[in-house]
Amino acid sequence: MTYQNILSELKGQVLYVTINRERKLNALNKETLKELAEVVAGVQQNENVRAVLLTGAGEKAFVAGADISEFKDFGVEEGEELARTGQASVFDAIEKSAKPFLAAINGFALGGGLELAMACHIRIASENAKLGLPEVTLGLIPGYGGTQRLTQLVGKGKAIEMILSAEMISAVQAEKIGLVNHVVPQSQLLGKAEDLLAQIIQRAPLAISSAIRAINAALDQNGFEIEITEFGRCFGTDDFNEGTAAFLEKRKPAFSGK
Ligand code: COA
């Protein structure tokens, strides 16, 4: 299967999936999300695939977020729908995948990019990676599960600081707070990911699937629904219009709080 925005190649029993919009720092536009949803669904059907290694093209970004240019004119309902569809078809689908996904974070993992990495079962970052949820700079909140998964991974205190400040953190800081499992030099990123996946795919496949289901069950909550509603609500604010316009016009936003 060939895609416009994604490279996918089976090597041994590991499917290498690369988000391939390097010029836009691999930002997730609608087409990319659609293709990603197909890849994730296909993984479950393909018995030759035992695990997935997910990364971004180039050396600068894993994924720099959802594509801001696409949703700048959205209203409340469209915003809510954006979050709901994306969560179900990509982010939740990855988290619930019967086969493990490993995110090899090769650079910026921001907004939807960090949310994508957090939906994966394991995260390894290169030393140059920068991670953050900067949505509040756009008058938004994370909409692809970020408020829930970051809190689950690093605890409420750190999650609130990261989301409210919109600060990016380094790979080393991310490892310290449990947001990534390992940090390695960029040249060793794929090697480290491959070693870990080689170990995992030696294990019993059905037990791996059961373990994923059981671990996910420990974290079940309804916060995702609240996030979807709040995300949609942001689209009805002037601050959202100002935040996205300022990004696209390459200037600082002037928020009115309306
Ligand atoms: N959506 C749409 N386009 C994006 C994008 C996004 N999330 N992130 C980067 N891009 C585009 C830029 O607009 C730019 O396009 P252009 O060359 O056509 O102008 C290109 O990718 C390169 O990005 P640029 O901003 O020039 O690179 P930089 O090195 O100066 O800055 C970042 C890198 C990651 C700090 C900056 O791109 C950024 O802040 N991105 C948005 C992050 C974000 O808010 N994500 C959450 C979205 S919900």
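Atoms within each ligand, like the ligands themselves, are counted from 1 in listed order. Heavy atoms only: backbone and side chains are in, while hydrogens, waters and symmetry mates are out.
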Side-chain donor/acceptor of Thr151 to backbone N/O of Ala159, under 3.5 Å: no
What's the shortest heavy-atom distance between Ser256 and Asp238, and which atoms? OG-CB, 4.1 Å
Quick one: which residue pairs count as a salt bridge (Lys or Arg N to Asp or Glu O under 4.0 Å) with a foot in residues 79-94, not counting sequence neighbours? Glu80-Arg84, Arg84-Glu225, Asp92-Arg149
Can you tell me how far the CZ atom of Phe62 sits from the CG atom of Leu25, to the nearest 0.5 Å? 13.5 Å
N/O donor-acceptor pair under 3.5 Å between Asn26 side chain and Ala61 backbone: yes
For ligand 1, list all ligand N or O to protein N or O distances below 3.5 Å, rounded to 0.1 Å.
from, atom 1, to, atom 2, distance (Å)
ligand 1, 1 (N), Ala66, O, 3.4
ligand 1, 1 (N), Ile68, N, 2.9
ligand 1, 7 (N), Ala64, O, 3.0
ligand 1, 7 (N), Ala66, O, 2.9
ligand 1, 15 (O), Lys24, NZ, 3.3
ligand 1, 18 (O), Lys24, NZ, 2.6
ligand 1, 19 (O), Lys250, NZ, 2.9
ligand 1, 29 (O), Lys60, NZ, 2.6
ligand 1, 45 (N), Ala64, O, 3.1

Checking ring pair (Phe, Tyr, Trp, His ring centres under 6.0 Å) between Phe240 and each of Phe255, Phe235, Phe247, which is the one that passes? Phe235
